[in-house]
Amino acid sequence: MANVIVIGAQWGDEGKGKITDLLSDSADVVVRYQGGVNAGHTIVVKGQTFKLHLIPSGILYPDTECIIGSGTVIDPQVLITELDQLKELNISTDKLFISQTAHVTMPYHRLIDRAAEERRGNHKIGTTGRGIGPTYADKSERTGIRVLDLMDTQGLRDQLEWTINYKNVILEKLYNLPPLDPQDVIEEYLGYAERLRPYVVDASLKIYDAIQKRRNILFEGAQGTLLDLDHGTYPYVTSSNPVAGGACVGTGLGPTMIDRVIGVAKAYTTRVGEGPFPTELQDECGELLCSRGAEFGTTTGRKRRCGWFDAVIGRYAVRINGMDCLAITKLDVLDELAEIKVCVAYEIDGERCEDFPSSSRRFQQCRPIYKTLPGWQQSTSDCRSWEDLPTQAKDYLKFLAELMKVPIAIVSLGASRDQTIILEDPIHGPKRALLQADGTPVSLVNK
């Protein structure tokens, strides 16, 4: 039995969907623990592409239970659309469960989100406009609507009549938007309630029961470490906690029950939206990475900013999450490059800095210090073992492992499940694999 958390080690979009899908083959239960429809997982199975926003990636395995935990925020309309799409593809959702204490995104959340972002002008933070931030804000303000509230018809009417009238004042007076009709919203959401009612459970209890039965549980988050509300590049962050600790809070699970933490990072770095990005490439090389990597957001379609691999934020992600191993994705995107750079440290005010600065203003001043490695300039998309990889590709991966001081367990070379190299069992592999004296992970040195 193993309880494993999969987290993004960069700014999100690292390919967590594929890695979670791969690991779900060994999982009995897959749990989504935070975020909302501002996240998207793209999974390719036998040439068929699945785009999921709320439903855990494990839904593609018929025997795997999937749980949307209390730390998520749920847009019922989007969730029902996903359910319908999966039904059309003959994928069963009979083993999907929704936490009764998860919060619900309402129409006024989306309206306020978009209006507030527009009002920020040059100080935009890059929100998707899906209402995620305002939903979490209401949760903290203790005025939110939870899934269990949807199930209580009269209670929902009483709560929403007051809440919508309150939100209408904000919409009209602050943002000059037309008010919402409380009765229209109430009837809409009561309809959603009936559709979702069969899926609603006490998710924390269900997860605990699975642990008592010694079942394998996989916890998946949305976004990435550097978008964490408390530990990311604030204020250019999301409104929840994608880091490993968020899995415990977002599911009602004690930290002593977690066995492993797997970090997912691209072989380069991307970022969507606003905020500092030291290794960003605004040249032909950046365009090449974007084109070869198909770097457009699953949720919004926004073009992702691309840059070289940043080991400073990588080491920070290892520390913040207590990562045991790494999955490196999209190595094949680098196949054509003659040279590949890796940021090993920053220069700030003429001084070398190897640690991530908490201040966004100071982070904006960071200039990358690069180590240049030779490229391999041959295709890796058909490689299926460590021995198949070009020597320079293996050297590149070893260098990343040395910098991050954790072993690389998985290498992804494309979107399909089979385009993957497994270097060690990421579920049952060694807990915090030993490092050599020079800091090199043993698991890669022996390859």
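Just so it is clear, the structure is predicted and the values come from calculations on it, not from any experiment.
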Quiz prompt | From CA spacing to verdict: side chain to side chain contact (heavy atoms under 4.5 Å, CB included), Ser360, Tyr236 | solution = CA-CA 9 Å; Ser360 182; Tyr236 305 102; 3.8 Å; yes
Quiz prompt | Residues Arg260, Glu424; criterion salt bridge (charged side-chain N to carboxylate O under 4.0 Å, His left out); working and verdict | solution = CA-CA 13 Å; Arg260 298 202 87 196; Glu424 73 168 47; 3.4 Å; yes
Quiz item: When you look at Lys167 and Leu111, which way does the side chain to side chain contact (heavy atoms under 4.5 Å, CB included) test go after all the steps?
Solution: CA-CA 10 Å; Lys167 296 296 182 181; Leu111 291 169; over 6 Å; no
Quiz item: Please walk me through it: do Thr225 and Gln10 pass side chain to side chain contact (heavy atoms under 4.5 Å, CB included)?
Solution: CA-CA 6 Å; Thr225 299; Gln10 296 164 323; over 6 Å; no
Exercise. Take Trp376 and Leu334, measure what side chain to side chain contact (heavy atoms under 4.5 Å, CB included) needs, and give me the verdict at the end.
Key: CA-CA 8 Å; Trp376 41 95; Leu334 306 179; 3.8 Å; yes
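Taking CD1 from Ile59 and OG from Ser92, the interatomic distance works out to 7.0 Å, rounded to the nearest 0.5 Å. Distance OG1/Thr270 to NZ/Lys330: 7.0 Å, rounded to 0.5 Å. Atoms CG and CD1, from Leu54 and Ile80 in turn, are 11.0 Å apart once rounded to the nearest 0.5 Å. Between atom OG1 of residue Thr380 and atom CG of residue Asp332 there is a gap of 5.0 Å, rounded to the nearest 0.5 Å. Remark: Asn241 CG to Gln223 CD distance equals 10.5 Å, nearest 0.5 Å. Distance check: Ile67 CD1 to Phe219 CZ gives 8.5 Å after rounding to the nearest 0.5 Å.
For Asp388 (side chain) and Ser385 (main-chain N/O), a donor-acceptor pair under 3.5 Å exists by modelled atom type. Checking side-chain atoms of Asn321 against main-chain N and O of Met323 turns up no donor-acceptor pair under 3.5 Å. A distance-only check finds a donor-acceptor pair linking the side chain of Glu82 to the backbone of Ile55 [under 3.5 Å]. Checked by atom type and distance alone, the side chain of Thr269 pairs as donor or acceptor with a backbone atom of Trp308 at under 3.5 Å. Judged by distance alone, with hydrogens and angles left aside, the side-chain atoms of Gln100 form no donor-acceptor pair with the main-chain N or O of Ala203 at under 3.5 Å. Counting only distance, with no hydrogens or angles, the side chain of Asn216 and the backbone of Ser26 share a donor-acceptor pair below 3.5 Å. In this structure, Gln419 contributes its side chain and Ser416 its backbone to a donor-acceptor pair below 3.5 Å. Under the 3.5 Å distance criterion, the side-chain polar atoms of Arg271 are left unmatched by any main-chain donor or acceptor of Glu280. Using a distance-only test at 3.5 Å, with no hydrogens or angles considered, a donor-acceptor pair links the side chain of Tyr136 to the main chain of Gly35. For Thr72 (side chain) and Ile68 (main-chain N/O), no donor-acceptor pair under 3.5 Å exists by modelled atom type.
Note on Glu287 versus Lys303: salt bridge recorded, some NZ/NE/NH1/NH2 to OD/OE distance being below 4.0 Å. Using a 4.0 Å cut-off between a side-chain N of Lys or Arg and a carboxylate O of Asp or Glu, Arg304 and Asp13 qualify as a salt bridge. Ionic pairing of Glu336 and Arg292 is present here: one or more N-O contacts between side-chain nitrogen and carboxylate oxygen are shorter than 4.0 angstrom. Between Asp209 and Arg215, no side-chain nitrogen of the basic residue sits less than 4.0 Å from a carboxylate oxygen of the acidic one, so the salt-bridge criterion is not met. Contact check on Arg114 versus Glu117 returns no salt bridge, with no Lys/Arg side-chain nitrogen under 4.0 Å from an Asp/Glu carboxylate oxygen. With respect to Glu295 and Arg305, no salt bridge is recorded, no charged nitrogen being found less than 4.0 Å from a carboxylate O. A salt bridge between Asp21 and Arg417 is present, with a side-chain N of the basic residue lying under 4.0 Å from a carboxylate O of the acidic one. The existence of a salt bridge linking Asp75 and Arg110 is confirmed by a sub-4.0 Å separation between a basic side-chain nitrogen and an acidic carboxylate oxygen. Using a 4.0 Å cut-off between charged side-chain N and carboxylate O, Asp138 and Arg146 make no salt bridge.
In this structure, the ring of Phe309 has its center no less than 6.0 angstrom from the ring center of Tyr396.
Here the rule is side-chain contact (heavy atoms from CB on, under 4.5 Å) with His231, and of Asp228, Thr233, Leu229 only Asp228 fits it. With Asp113 as the fixed residue, the side chain to side chain donor-acceptor pair (under 3.5 Å) test singles out one of Thr105, Thr128, Thr135, Thr127: Thr127.
Looking only at side-chain heavy atoms (C-beta outward), Ile262 and Cys325 come within less than 4.5 Å of each other. Contact of the Val264 side chain with the Ile7 side chain is not registered, since no non-hydrogen atoms from C-beta on lie closer than 4.5 Å. Side-chain contact check for His53 versus Arg130: every heavy-atom pair is 4.5 Å or farther apart. Between Leu190 and Thr153, some side-chain heavy-atom pair lies under the 4.5 Å cut-off. Under the 4.5 Å side-chain criterion, counting only non-hydrogen atoms from C-beta, Lys341 is not in contact with Leu373. With a 4.5 Å cut-off on side-chain heavy atoms, Gln34 and Pro242 count as touching. Using a 4.5 Å cut-off on side-chain heavy atoms (C-beta onward), Tyr192 and Gln77 make contact. Residues Met151 and Glu194 form no side-chain contact, since every pair of their non-hydrogen atoms from C-beta on lies 4.5 Å or further apart.
Thr93 and Tyr199 share a side-chain donor-acceptor pair at under 3.5 Å. For the 3.5 Å distance criterion, the side chains of Lys18 and Thr420 qualify, holding a donor opposite an acceptor.
By the 6.0 Å and 45° rule, Lys206 stacks over the aromatic ring of Phe97.
Pairing each heavy atom of Ser24 with each of Thr64, the nearest pair is O-OG1, 3.8 Å.
Taking the six-membered ring where the residue is Trp, Phe363 and Phe356 present perpendicular rings, their angle passing 60° and hence far from 30°.
Other residues, nucleotides and ligands contribute more than 12 heavy atoms inside 6.0 Å of the OH atom of Tyr61. Summarising the local packing, CD of Glu161 is surrounded by more than 12 heavy atoms from other residues, nucleotides or ligands at distances under 6.0 Å.
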